[in-house]
Colleague: 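My questions will all concern the structure given below.
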Amino acid sequence: MTSPEARTVAVWRKLVPFRVHVKGQGPAVVFFHGPWGLTWDAFLDALARRFTVYAPEHPGTTPGEPETIQHVQSLWDLVLCYDELLDQLGVSTASFVGHSFGAMVACEVAALRPSRVGKLALLDPIGFWRDDAPVVNWTLVAPAELPKWVFHDPDGAAAKKLFAIPDDREEAALARTRLSWAMGCADKFVWPIPDKGLKRRIHRIEATPTLLMWGEHDRLVPLVYEQEFRRHLTRARVEIVKRAGHAPHLEQAAEAATVVAQFLAG
Amino acid sequence: MNLWPRPIQTPHPPVWVPGSGSISTFDFAVERNVCYCFLSYAGGKAARTMMQGYWDVVAKHGLDANPYRAGFLQLVAVSETDAKAEAEYARHVEYFYHKCLHVPPHWLSPAGNQDYRSLLAANRNPVRRQENTKELRYRDFLEKGYVIAGSPATVRDRLMDDVVKALHVGNLMLLVQIGSMPHELTLKNIDLLAREVLPALRDVWEDEGWENHWWPERLRKPRRDPVGVA
């Protein structure tokens, strides 16, 4: 796996410098990461074999730039920041892939300008709310318990990579801070209830070919939300990934990458 | 004619800002020249690093080290003797630390609650002790400084050494009703505290020439001890 190129693009009157990881050749794919920050992983690397992958870091999660998030005050700001970013990157058309919180953002950015979006792949997206199946508020879960909520196998390599705390004292403090801060930066646009009005806007992307991918054992965003998304995106194709929780692209990277790449290319 | 009510009070009422560990609150208090009050149930002994951090910020801004810039919360229980204090207060102190603090530790600082600098500082140097207070007993709470309890002389010395002097604090917030402590015992605690402990502490900073600018002006001076006058 070679490292992606890291490009910094400042938007929002230059107050919001997005660091974007770029790798690959072919049609553009934009990846919106989830609430625990971005790491370049096997899933993205596999996509980069067939596509030009643009993976921006959510404002505030870029190392050394925590205060950026203060300039993005609402979901509307965030959506417009991404719109400016894609303009500046010269990405006039692209497919969007989003995970969890990032999938909600992908839907919102797509709904702003549907003509920009070729296809949409949503991995365990949030964005709706059902009283009978509440989305688990990951912020109120003990940090040590997070792997159990996010992963089917909390002791597996994917869980360790995302949540492991190093032994070194200073490194551990930095890792805890990074994780907590990344969640805070996402939570700002999510809680108390992750229904921020997507249901009133999602009709704008009902014609966009969409793949809904769900980990079979998602404990955070129960599988019933797959039906919720399909009520609005009636033509969406559904793919359930076995032996995966809330992050199928991390836990079953090869399988998820194959399915997503085929969908995007087809 | 449009009348706007304006909140004007001269002199301006004193402002105290509570903090529980965010280092950015030091800046907030110092930049506005208000009193910073560290609220902790862990006692003076555990607060030294944190309060030193505050005084460092005060010094960095070129302000004087007036002890009245700071407040501190301390749990206190006074009886006639140390042994009697244990007999009277032990179960109430244990009730408080065993049964009244049912908050998951990670809820005290959920993601997004603190600014980045404070979050990093807290992860490097946790404000809260790692120990489980449910496993501690009365004598542990005393030894570790969570609670200052005992005879008037004991409480006086501990307050003076571990809180007033060690933290350089002018404003004490003394928590005198602890856990299951009943009304009558609380009254006794207050009475002994006011009569036999506080008079020895009250003037310690004024004797050094400090004035409490963070106290209502009309109540500052002249000071007449209201206790024991009759």
Side-chain angles (χ1 to χ4, degrees), chain A residues 34-37 58-74 78 100-101 136-150 163 165-192 194 220, chain B residues 17 19-32 40-42 46-54 56-57 60-61 97-135:
Chain A
W36 303 286
H58 177 68
T61 65
T62 299
E65 300 281 354
E67 301 305 328
T68 300
I69 190 64
Q70 314 297 356
H71 300 294
V72 190
Q73 295 195 355
S74 66
L78 183 66
S100 182
F101 160 70
V136 172
N137 187 339
W138 53 79
T139 296
L140 299 184
V141 169
E145 305 279 310
L146 261 178
K148 279 193 226 162
W149 289 93
V150 176
F163 292 128
I165 299 295
D167 291 331
D168 177 74
R169 222 185 117 126
E170 174 65 7
E171 288 299 315
L174 287 169
R176 284 199 181 88
T177 304
R178 213 158 33 228
L179 186 61
S180 176
W181 191 254
M183 283 197 282
C185 289
D187 290 357
K188 181 171 181 174
F189 308 100
V190 177
W191 300 110
L220 223 56
Chain B
V17 168
S20 60
S22 285
I23 57 172
S24 55
T25 309
F26 300 162
D27 294 330
F28 181 92
V30 168
E31 283 161 13
R32 288 160 183 79
S40 159
Y41 291 138
R48 289 183 194 181
T49 310
M50 188 55 63
M51 287 307 293
Q52 189 52 51
Y54 170 66
D56 289 346
V57 174
K60 210 177 77 190
H61 281 71
Y97 285 104
H98 295 171
K99 297 186 176 183
C100 296
L101 301 175
H102 283 306
V103 180
H106 55 281
W107 283 17
L108 295 171
S109 183
N113 183 56
Q114 280 186 309
D115 62 293
Y116 185 84
R117 209 161 56 90
S118 296
L119 179 66
L120 183 57
N123 279 326
R124 280 182 174 146
N125 180 22
V127 176
R128 289 169 188 89
R129 300 164 190 252
Q130 300 301 312
E131 62 203 6
N132 179 1
T133 58
K134 291 184 173 62
E135 291 163 1

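Proteins come first, then strands; the chains are lettered A, B, ... in the order of their sequence lines, and each starts at number 1.
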Colleague: Is it the side chain or the backbone of A/Glu67 that comes within 4.5 Å of chain B heavy atoms, both, or neither?
Modeller: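 Only the side chain of A/Glu67 comes within 4.5 Å of chain B.
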Colleague: Quick check: under 4.5 Å, non-hydrogen atoms only, which of residues 173-182 of chain A neighbour chain B?
Modeller: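 The list, in residue order, reads A/Ala173, A/Leu174, A/Arg176, A/Thr177, A/Ser180, A/Trp181.
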Colleague: Quick check on the interface: out of A/Ala144, A/Pro66, A/Gly184, who has the most heavy-atom pairs with chain B under 4.5 Å?
Modeller: A/Pro66
Colleague: State which residues pass side-chain hydrogen bond (donor to acceptor under 3.5 Å, both in side chains) with A/Lys148; sequence neighbours excluded, sorted by chain then number.
Modeller: A/Glu145
Colleague: What's the separation between atom OG1 in A/Thr139 and atom CG in B/Asn113, rounded to the nearest 0.5 Å?
Modeller: 11.0 Å
Colleague: Can you say whether B/Asp115 sits under 4.5 Å from chain A via the side chain, the backbone, both, or neither, judging by heavy atoms?
Modeller: backbone
Colleague: Examine distances only and state if a side-chain atom of A/Arg169 and a backbone atom of B/Arg124 form a donor-acceptor pair shorter than 3.5 Å.
Modeller: yes
Colleague: What do you reckon, is NZ of B/Lys60 surrounded by more than 12 foreign heavy atoms closer than 6.0 Å?
Modeller: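 Count not over threshold, so no.
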Colleague: Assess whether atom CG of A/Asp167 is packed by more than 12 heavy atoms of other residues, nucleotides or ligands within 6.0 Å.
Modeller: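 Open: at most 12 neighbouring heavy atoms sit under 6.0 Å from CG of A/Asp167.
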Colleague: Does atom OH of B/Tyr41 have more than 12 heavy-atom neighbours, drawn from other residues, nucleotides or ligands, at distances under 6.0 Å?
Modeller: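 12 or below, so no.
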Colleague: I'd like to know if the side chain of B/His106 reaches the main chain of A/Leu140, judged simply by a donor and an acceptor atom lying under 3.5 Å from each other, with no hydrogens or angles considered.
Modeller: yes
